Amino acid sequence: MPLFLQASLKALSKIRGMTDYPFSGSTIPRITVNHLDQLARVVPRKRFHDIVIKNGVGLTVACMALISAVDAPADGTNLGGVGEIRLIPDLSTKCRIPWSKQEEMVLADMHLKPGEAWEYCPREALRRVSKVLKDEFNLVMNAGFENEFYLLKSVSRELKEEFIPFDSTPYCSTSAFDAASPMLHEVVAALQSLNIPVEQVCLAQPCENTKEAVSLHAEAGKGQFEIAFGYTTCTDAADNLVFAREVVRAVARKHGLLATFMPKFALDDIGSGSHVHISLWENGRNVFMASSEHSTHGMSKVGEEFMAGVLEHLPSILAFTAPVPNSYDRIQPNTWSGAYQCWGKENREAPLRTACPPGVPDGVVSNFEIKAFDGCANPHLGLASIIAAGIDGLRRHLTLPEPVDTNPASLDSEPQRLPRSLSESVEALEKDGVFRDLIGEKLLVAIKGVRKAEIAFYSQNKDAYKQLIHRY
C-alpha cells in the first residue's frame, strides 16, 4: 500500500542510533524513499528483518519520472515501465513513528542491486557533490531549514468539500498559537521523541551557534505557521526534513486538519517557503565567517566564492528548488520571497541574504539564506544543486557584486529578475553545463523531463494547482 509524499521542511536532528526498541505485537516498519517525490512502502516486520534489510524492496525505475499531478512516467526522462531498482534501507535513519507506536520509519537508498547505487538516487547525488566539496576543498556544507506551512480545515459548501485556513490571525499571533496549541504541542513532543531538543523561542532564522534549536511561531498568512530547525550537515538536514514533514502532516491529520507545504495555497495570500541557511565548515569550524571584523562583507574568501557561485547559477538552481509552476506564483516582488538575482545583508527581499544571528560579532556573518526554495522541492536534489553551484564559484574564484541593501523592486535600475516561470528556469538549466558534470547527465535529463511535463500539465489544467494541498 504505497503512500505518496513530497519533500521539504526543516531539520529534525539526531534520529541516528534509535534502532533498538522493546517491540510487542506486529510492528510494521515503514520504508520511506526520497526522490523527486517521496514514496513510502509498508512492509511487515518479519519480512523487513528477514529479507528487506539485505535485499531491499523492488520498485519500478519510473518512480523517478513521476510528476506532481499524475502517477505515470513523464516523457523525455528515459525512464518508464521497463526496469526495476532496489530500495535498500539505511538503518542509521530507522526510528519509531511517534504518532503510531506500532510502526517504524526508515529512509532508503536506490540501488540497481544491493551494494550498487543507482545514479538517479537523490540521496546518492547529494553524497556525490558533497564528496567533491570535501575532496577538492576540505569543506562540509551545513544547512538549516525554515519551513512554512498552512493548517487547513475541511468545510462543506454546496455538498462539496473545501479546505480553508483554520484561523485568520496575524504574524506571530498568540491567539493563532493558542488555537493550534494541541496540535503544535504534539508536534513538539513528536520531535522530542525523535531526540530533537526544542526551544519555544520565536526566531526568524535558525541560529548558527545553536545546533539543535527549533523555533515555532505563527506566520503572516491566514492559518500559516513556520518551524525553524538548527543546522546540521547537509545530508542529515535533507533526511531530517523528510521526517519533519511527516511529523507535521501526520499530527495535523490526527487533529482533523490538513497541513500543506505547497508554495502558494491561496493566490491572494502569502506563500510558503522552505528557506535554507547555508554555511561552510572545515575541521569542525565555521569558515564561512570572516576571520576578522574587517572583511568587506563579513565573510571569508571561501565563503564569498561559494556564495558567488550560488548567485550566478541561481536561475538554474530554481529548476531544483522551485520545481512546479505554482512555485513561481510565490516568487514575486514585495513578498519576501526573493524575486531578483541579487544578494543583500539582512535584506529579506533578496533571494540570498547574509545573516548575523545573536552571538555573532557585529559586521561578521555566519551563514547565508536562500529564500527561493519551497515545499515541493526534493531537499536532497535542492541542496545538491546549491553545492554544485558553490563548487563552481570556488573553482573559478568568483566574487560577489555589491549587495542590494534596499527593496530591489524600488530601484530605478532593477537587478535582473529571476525566472518568472518554471519554463524559464528549465531553459536556464539547459544552458548551464556545471550541473551536467556534478549532478550527472542521466539524472539531469530525468529532472528536465519531469519539469517539462509539469509545465505542460498545469498549462492545460489551470485549477489543478489547488490539488497540491493533498500532495505537498
Side-chain angles (χ1 to χ4, degrees), residues 4-10 36-38 67-69 145-152 163-165 171 219-228 241-242 244-245 248-249 252 258-276 314-340 348-352 369-379 381-383 385-386 417-426 447 450-451 453-455 457-459 461-472:
F4 292 90
L5 304 164
Q6 303 295 341
S8 210
L9 194 56
K10 252 13 266 152
L36 294 172
D37 291 8
Q38 277 121 87
I67 71 170
S68 62
F145 282 94
E146 300 174 4
N147 211 87
E148 297 163 338
F149 59 94
Y150 276 86
L151 290 179
L152 309 177
F163 286 89
I164 62 173
Y171 175 72
E219 261 294 343
K222 298 179 180 67
Q224 189 185 37
F225 289 83
E226 179 182 87
I227 300 182
L241 186 145
V242 177
R245 285 181 54 83
V248 173
R249 297 213 49 170
L258 186 151
T260 179
F261 302 93
M262 69 175 285
K264 196 74 167 178
F265 159 65
L267 299 184
D268 60 349
D269 206 344
I270 300 298
S272 292
S274 205
H275 316 150
V276 62
L314 197 54
S316 303
I317 289 173
L318 259 62
F320 298 86
T321 62
V324 298
N326 183 253
S327 300
Y328 300 83
D329 293 325
R330 170 183 169 263
I331 302 174
Q332 297 293 328
N334 304 308
T335 60
W336 291 16
S337 58
Y340 295 88
R348 285 174 170 79
E349 281 292 346
L352 302 186
E369 177 188 31
I370 301 175
K371 302 187 76 67
F373 200 128
D374 68 47
C376 295
N378 179 289
L381 294 179
L383 292 178
S385 71
I386 292 166
R417 272 294 304 269
L418 286 174
R420 291 174 167 85
S421 67
L422 183 56
S423 297
E424 290 185 10
S425 64
V426 171
I447 291 169
V450 169
R451 300 297 182 264
E454 299 274 11
I455 294 164
F457 179 85
Y458 288 101
S459 67
N461 300 273
K462 299 297 186 183
D463 288 335
Y465 78 92
K466 297 176 182 178
Q467 296 304 309
L468 291 174
I469 61 172
H470 301 291
R471 191 83 177 196
Y472 295 94

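For this chain, numbers begin at 1 and follow the sequence in order. This one's a predicted model, so the numbers in the text were calculated from it and none came from an experiment.
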Problem - Side chain to side chain, R245 and F149, heavy atoms closer than 4.5 Å - result: no
Problem - E454 vs P325 side-chain heavy atoms within contact, under 4.5 Å - result: yes
Handout entry: Distance-minimising heavy-atom pair for R471 and I67
Key = NH2-O, 3.6 Å
Fill in the blank from the handout: In this structure, NZ of K264 is separated from CD of Q332 (nearest 0.5 Å) by 7.5 Å
Exercise for the section: Flag the pair Y472 / P263 as yes when at least one side-chain heavy-atom distance between them is below 4.5 Å, and no otherwise. Expected result: no
Practice task
Could you tell me the separation between the CZ atom of F320 and the CD1 atom of I447, rounded to the nearest 0.5 Å?
Solution key: 4.5 Å
Practice task
Locate the shortest heavy-atom distance separating S68 from L468; write the atom from each residue and the value.
Solution key: OG-CD2, 3.8 Å
Handout entry: Beyond-backbone contact of V276 with T321, side-chain heavy atoms, under 4.5 angstrom
Key = no
Exercise for the section: With rounding to the nearest 0.5 Å, note down the distance linking CG in L422 to CD1 in I455. Expected result: 4.0 Å
Completion exercise
Separation between CG (L314) and CD1 (I386), nearest 0.5 Å, reads 9.0 Å
Exercise for the section: To the nearest 0.5 Å, tell me how far L151 CG sits from T260 OG1. Expected result: 10.0 Å
Practice task
Determine whether S423 and V426 make a side-chain contact, defined as any pair of heavy atoms from C-beta on separated by less than 4.5 Å.
Solution key: no
Exercise for the section: Supply the atom-to-atom distance I317 CD1 to L383 CG, rounded to the nearest 0.5 angstrom. Expected result: 10.5 Å
Exercise for the section: State whether the side chain of E226 and the backbone N or O of S272 hold a donor-acceptor pair below 3.5 Å, judged by distance alone. Expected result: no
Exercise for the section: Decide yes or no for C376 and N326: does some side-chain heavy atom of the first lie under 4.5 Å from some side-chain heavy atom of the second? Expected result: no
Completion exercise
On a heavy-atom basis, the closest approach of P419 and S425 is CB-N, 3.6 Å
Exercise for the section: For M262 and Y465, run side chain to side chain contact (heavy atoms under 4.5 Å, CB included): C-alpha distance rounded to whole Å, both residues' side-chain angles, the deciding distance at 0.1 Å, then the answer. Expected result: CA-CA 9 Å; M262 69 175 285; Y465 78 92; 4.0 Å; yes
Fill in the blank from the handout: What one should report as the nearest heavy-atom pair of I331 and G338 is CG2-O, 3.4 Å
Exercise for the section: Evaluate side chain to side chain contact (heavy atoms under 4.5 Å, CB included) for V248 paired with F225, printing each intermediate quantity in order. Expected result: CA-CA 11 Å; V248 173; F225 289 83; over 6 Å; no
Handout entry: CA sep, side-chain torsions, deciding dist, call: F261, S274, side chain to side chain contact (heavy atoms under 4.5 Å, CB included)
Key = CA-CA 8 Å; F261 302 93; S274 205; over 6 Å; no
Exercise for the section: Considering non-hydrogen atoms only, spot the tightest contact between S337 and K371 and give its length. Expected result: O-CB, 3.7 Å
Handout entry: Close side-chain approach of I370 to L352, heavy-atom, < 4.5 Å
Key = yes
Problem - 4.5 Å side-chain heavy-atom contact, E349 and W336 - result: yes
Practice task
Please confirm whether the backbone N or O of Y328 pairs with a side-chain atom of R420, one donor and one acceptor, at under 3.5 Å?
Solution key: no
Handout entry: Over all atoms of both residues, closest heavy-atom pair of F373 and P379
Key = CZ-CA, 4.2 Å
Practice task
Verify side chain to side chain contact (heavy atoms under 4.5 Å, CB included) between I270 and Y150, making sure each step is shown before the conclusion.
Solution key: CA-CA 10 Å; I270 300 298; Y150 276 86; 4.1 Å; yes
